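Reading through the structure tokens given below for one structure.
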Number of protein chains: 2
Amino acid sequence: MSGPIETEAGARPQQVAWRLFLTVHALACRRIDSGLLAEECISFDDYDVLLTVNEAAGETLRMSELAEAVLLSNSGMSRRVARLVERGLLHRDQCTQDGRVFRVRLSRAGRRALEKAWEVYSGLIEESFAAHVSEGEAKMLGGIFQRLLDRIGSEKHRGLLAAGVTDAPKRKS
Amino acid sequence: MSGPIETEAGARPQQVAWRLFLTVHALACRRIDSGLLAEECISFDDYDVLLTVNEAAGETLRMSELAEAVLLSNSGMSRRVARLVERGLLHRDQCTQDGRVFRVRLSRAGRRALEKAWEVYSGLIEESFAAHVSEGEAKMLGGIFQRLLDRIGSEKHRGLLAAGVTDAPKRKS
DNA sequence: AAACATTATTTGCGCTTGCAACTAAATCAA
DNA sequence: TTGATTTAGTTGCAAGCGCAAATAATGTTT
């Protein structure tokens with residue numbers, strides 16, 4: 001986003017890119033959100049949670065890990081998970097070794113919901129993003145974004161996993 | 001974001017890029033948000049509103065134009081502007097030709113707040129984004145994002161202006 | 001073991017949002 | 001002109017969020 005004075009002419013390409021980045025993000029997310037809603041899938045945000053759980057080593061995560069991975073506050077995640085449990089998409093069981101921690105995993109219905117949503121979601125990504133970017137460009141973008149993530153993200157955020165960059169050796173529950 | 005089944009191995013580069021895109025957005029925005037807060041500036045979202053008003057042709061915009069440009073619902077914008085008026089950063093005056101429309105413009109204090117925020121914000125963009133992207137890469141990103149915007153954005157969204165693609169005739173302060 | 005400190009998660013609260021219903025102003029119809 | 005329609009913007013409502021305080025389970029002293 002450019003500054004308050006000069007704006008149109010003198011903006012550096014990085015600033016222009018930043019601003020476009022914000023706008024594209026907002027537009028694409030809006031489309032995807034409403035696309036999922038229209039097909040009666042779980043929401044974009046819920047998808048993110050279920051996917052993160054599904055991908056976790058051992059297919060289970062503690063509340064705080066999940067919150068961190070999805071970039072939501074702990075309290076926000078607590079309530080989000082409560083709703084998902086309520087709807088039968090997630091199990092949330094207390095850890096036997098340490099009664100303070102709760103582990104979350106997909107239920108059968110949760111897995112089905114995730115799979116159904118993926119069918120829709122992948123099409124929406126295609127239509128709102130992927131179709132407009134060549135494979136070479138996508139690799140470039142991925143490289144740049146990964147670099148940004150390495151520099152500004154504290155550590156294990158979703159993208160690392162997606163890009164297969166993680167080296168976490170852990171095994172399941 | 002990759003799908004529920006295969007994920008790490010078989011993901012297309014576009015899907016990897018998409019997921020990283022989401023994560024980088026969330027992380028960078030989080031940093032910028034808290035950076036602005038720490039320096040006692042207006043919020044990221046308010047900045048966006050004030051900047052959009054400032055850049056508008058004639059430095060004034062109707063409520064609905066503003067909402068569209070900033071990608072907020074009309075009701076959300078109505079309340080956001082009410083708060084900004086309350087705080088003395090914006091004027092909101094009823095149009096004399098058509099009493100239904102309200103035009104918004106920066107107050108003096110609003111302009112000062114915008115300028116002060118820009119000093120901080122530009123540093124935060126630098127640190128969270130620009131510093132990690134070369135000028136050539138930034139141009140590439142800008143090109144790709146602009147293309148995406150052209151394809152998925154209905155029309156005049158902020159990015160068009162930032163990229164100097166608009167043909168609006170405005171001049172500065 | 002009793003008291004204190006620490007860690008994991010959940011609640012209370014206030015704020016912001018979007019949708020849908022509402023009000024007000026302008027335009028169209030007769 | 002009066003009445004119906006459309007348009008611009010604002011509210012009522014029921015979410016969701018983050019912060020800070022509360023709760024609960026462990027750990028650590030002494």
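What you are looking at is a predicted structure, and each value in this text was computed from that prediction instead of being measured. Side chains included, hydrogens not; waters and symmetry mates left out as well; all remaining heavy atoms used.
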| Taking atom types as they are modelled, is there a donor-acceptor pair under 3.5 Å from the base of C:dC19 to the side chain of B:Ser75? | yes

| field | Closest-nucleotide 5' rank along DNA chain D - winner of B:Met77 and A:Asn74 | value | B:Met77

| Can you tell me how far C1' of D:dC17 sits from CG of A:Asp46, to the nearest Å? | 14 Å

| Tell me: CZ of B:Arg103 to C1' of C:dA25, nearest whole Å? | 16 Å

| To the nearest Å, how far apart are B:Glu68 CD and C:dG18 P? | 13 Å

| query | Within this structure, what is the CG-to-C1' distance between A:Asp93 and C:dA8, rounded to whole angstrom? | reply | 15 Å

| message | If you count heavy atoms of other groups shown closer than 6.0 angstrom to CD of B:Gln94, is the number above 12? | response | yes

| said: Taking 4.0 Å as the cut-off, does a side-chain nitrogen or oxygen of A:Arg79 come that near to OP1 or OP2 on C:dT10? | reply: no

| task | Let me know the distance between CZ of B:Phe44 and C1' of C:dT17, rounded to the nearest Å. | result | 17 Å

| Would a 4.5 Å heavy-atom cut-off, applied to side chains only, mark B:Arg87 and B:Leu84 as touching? | yes

| request: Please state whether the phosphate of C:dT17, meaning OP1 or OP2, lies under 4.0 angstrom from any side-chain nitrogen or oxygen of B:Arg80. | output: yes

| said: In the structure I gave you, are the side-chain heavy atoms of A:Asp150 and A:Phe145 within less than 4.5 Å of one another anywhere? | reply: no

| With distance as the sole criterion, is a donor-acceptor pair present between the side chains of A:His132 and B:Arg147 under 3.5 Å? | no

| query | Could one point to a donor on the side chain of A:Arg30 or the base of C:dG18 with an acceptor on the other under 3.5 Å away? | reply | no

| request: May I ask you to evaluate whether A:Arg83 reaches the phosphate of D:dG16, defined as a side-chain N or O under 4.0 Å from OP1 or OP2? | output: yes

| field | Euclidean distance, atom CG of residue B:Leu37 to atom C1' of D:dG18 [Å, nearest integer] | value | 12 Å

| field | Distance in angstrom units between A:Leu66 CG and C:dA8 P, rounded | value | 15 Å

| Atom-pair distance (CZ on B:Phe102; C1' on D:dT10), nearest Å | 9 Å

Provide a list of protein-nucleic acid N or O atom pairs under 3.5 angstrom, restricted to nucleotides 25-27 of chain D.
residue, atom, partner, partner atom, Å
D:dA25, O3', A:Gly99, N, 3.3
D:dT26, OP1, A:Gly99, N, 2.8

| field | Contact under 4.0 Å: B:Arg92 side-chain N or O vs D:dT10 OP1/OP2 | value | yes

| field | Candidate list B:Glu115, B:Glu59, B:Arg111, test side chain to side chain donor-acceptor pair (under 3.5 Å), partner B:Asn54, passing option | value | B:Arg111

| query | Which pairs pass side chain to side chain donor-acceptor pair (under 3.5 Å) with one or both residues in residues 31-41 of chain A, sequence neighbours excluded? | reply | A:Arg31-A:Glu127

| Is there a donor-acceptor pair closer than 3.5 Å between any side-chain N or O of A:Ser78 and the backbone N or O of A:Asn74? | no

